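Values below: all heavy atoms of this structure, side chains included; hydrogens, waters and symmetry mates excluded. All figures in this text were calculated on a predicted structure; none of them were measured in a lab. Chain naming here is simple, since letters A, B, ... match the order of the sequence lines and numbering starts at 1 in each.
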There are 2 protein chains.
Amino acid sequence: MQRLDALTSLKRTFKRGEYLYRSGEPFHALYAIRNGFFKTQVLHEDGREQVTGFQMPGEIIGMDAICADAHTCDAVALEDSEICEIPFNLLEELSRDVPVLQRHLHKIMSREIVRDQGIMMLLGSMRAEERLAAFLLNLSQRFSARGYSPNAFLLRMTRQEIGSYLGLKLETVSRTFSQFQENGLLSVRVREVEIMDVLRLRSFVGHI
Amino acid sequence: MQRLDALTSLKRTFKRGEYLYRSGEPFHALYAIRNGFFKTQVLHEDGREQVTGFQMPGEIIGMDAICADAHTCDAVALEDSEICEIPFNLLEELSRDVPVLQRHLHKIMSREIVRDQGIMMLLGSMRAEERLAAFLLNLSQRFSARGYSPNAFLLRMTRQEIGSYLGLKLETVSRTFSQFQENGLLSVRVREVEIMDVLRLRSFVGHI
DNA sequence: CACGGTTTTTGACCTATATCAAACGCATTT
DNA sequence: AAATGCGTTTGATATAGGTCAAAAACCGTG
């Protein structure tokens, strides 16, 4: 337990817009988000960006960097945030002695793989409405798991970032929000979202 | 070394079309492909499918299953294949005693995460030609790494499976192949592909 | 509270890809 | 050799979402 504490003793704060790490930087730690909100993104040479995820408190990021000892994406704070640094060789050392921790680490990495599968599904075979519905339901579920309202929350990201994540243009995201609002599925005021009809929103995902 | 051998002693063969595992089945092992070719796919309730990867010899599959102790996708042999089963608790046990193996396992899982990031990039922000070019170059590179020709190879999957993987319809895949052929980038005869102009093919990926 | 910059919304129009349909090729069976 | 059946190619047409543009809302700052 003491060793586990030692693992997670280094905390750092980030202002909105600051980078936790950048693609190419050497790898030495994973990061647990204590509070705030991050996005991870991959940048193409030609300037195109792909947001690969939005992370909230309790989630671990940086696992992409293990395989080549360098980060393969950027992590940017979407609001003032605090993270806790987990030096990876200490984590590995400790997980050799504590099988439960070892399994836990493997599960976390596996969960990331499954999450990515879900995004592939979304990007590869869903239409705009389904993508946005899936996105909102996913946020809702994660807020709920953290003790916040599953029905009313604040978006920390821009339309452009949502669009990048969902493989859509920002205008399409905006239009789809408006359309959902017209249909009484939700009420949007820019960044404030309130889900009015979860069931109907759910019925969007997974049905043509 | 003996223990490592014991890990990988159980081998099994699969005929084309047979399932290595199915979504929902309990998890107990990872699988190393010895020879042959597999695809992994996620099925939606409504029947839509998303191919999440094509695996070739030397690659490890099944890591999605760790997080919930159950497989989250199907793995299907695309040709007669042989795999080697790696019981996961033995692997964990051994990797506790052999730090190099532990790190290796983490790298493999991390590589899967990075691979998925690449697919997100592809699905989220590339056009049909870029997607197909990226796909072919990726296959080429992997064949090359296994000692096969990087320029001429046999596709083990149908147009429909390529399409599902790339987020395109099979007709679009077929048309894009024809278009590449017309432009002298490659020569296609159904499943046989020969890359005639790698550089120009490369120039497709990552540039508008 | 006015200002400048960013983000969002909405409209009009365009295009890449999907859809539908038919023909073709190739392998396997009868 | 004909028949069957899957996978592929190609054509004609439709459409979801992209693009371009302008206005509106919002936000931080002096």
Using the benzene-type ring in the case of Trp, are the ring centres of B:Tyr31 and B:Phe38 under 6.0 Å apart? no
Rounded off to whole Å, could you give me the CD-to-P distance for the B:Glu129 and C:dT17 pair? 7 Å
Protein-nucleotide distance (B:Glu192, atom CD; C:dC26, atom C1'), rounded to Å: 12 Å
Taking only side-chain N and O atoms of A:Ser174, does any of them lie within less than 4.0 angstrom of OP1 or OP2 on C:dT10? no
Please determine whether a side-chain nitrogen of the Lys or Arg among A:Glu92 and B:Arg103 lies less than 4.0 Å from a carboxylate oxygen of the Asp or Glu. yes
Ranking D:dT9, C:dA18, D:dT19 by distance to the side chain of A:Lys169, first place goes to D:dT19
Can you tell me how far C1' of D:dT10 sits from CD of B:Glu182, to the nearest Å? 11 Å
Determine whether A:Arg111 and A:Glu59 satisfy the following criterion, salt bridge (charged side-chain N to carboxylate O under 4.0 Å, His left out), listing intermediate values before the conclusion. CA-CA 11 Å; A:Arg111 193 171 309 134; A:Glu59 296 175 340; over 6 Å; no
Measure distances between side-chain N and O atoms of B:Arg175 and base N and O atoms of C:dT19, and say whether any donor-acceptor pair falls under 3.5 Å. yes
Grab the CD-C1' distance between A:Gln179 and C:dT8 for me, whole Å please. 17 Å
So what does B:Leu170 hit on the nucleic acid, given a heavy-atom distance under 4.0 Å: a base, only sugar-phosphate, or nothing? base
What integer distance in Å separates B:Arg127:CZ from C:dA18:P? 13 Å
Does the ring centre of A:Phe153 sit less than 6.0 Å away from the ring centre of A:Tyr148? no
Select base, sugar-phosphate, or nothing to describe what A:Arg131 touches, counting heavy atoms under 4.0 Å on all strands. nothing
How many whole angstroms separate atom CD of A:Gln160 from atom C1' of C:dT8? 12 Å
Can you check whether A:Ser178 has a side-chain N or O nearer than 4.0 Å to OP1 or OP2 of C:dT9? no
Give one of base, sugar-phosphate or nothing for B:Gly163, where a contact means two heavy atoms less than 4.0 Å apart. nothing
When the distance from CZ of B:Phe177 to C1' of D:dG7 is rounded to whole Å, what number comes out? 13 Å
If I take atom CZ in residue A:Arg159 and atom C1' in nucleotide D:dC26, what distance separates them, rounded to the nearest angstrom? 12 Å
Taking the minimum atom-to-atom distance to the side chain of B:Glu171, which one of D:dG18, C:dA21, D:dA16 wins? C:dA21
Taking D:dT8, D:dG17, C:dA18 as options, the one with an atom nearest any side-chain atom of B:Val190 is D:dT8
Are B:Arg16 and B:Asp80 ion-paired here, with the side-chain N under 4.0 Å from a carboxylate O? no
Identify whether any heavy atom of A:Thr158 sits under 4.0 Å from a base atom; if not, whether one sits that close to sugar-phosphate; answer base, sugar-phosphate or nothing. sugar-phosphate
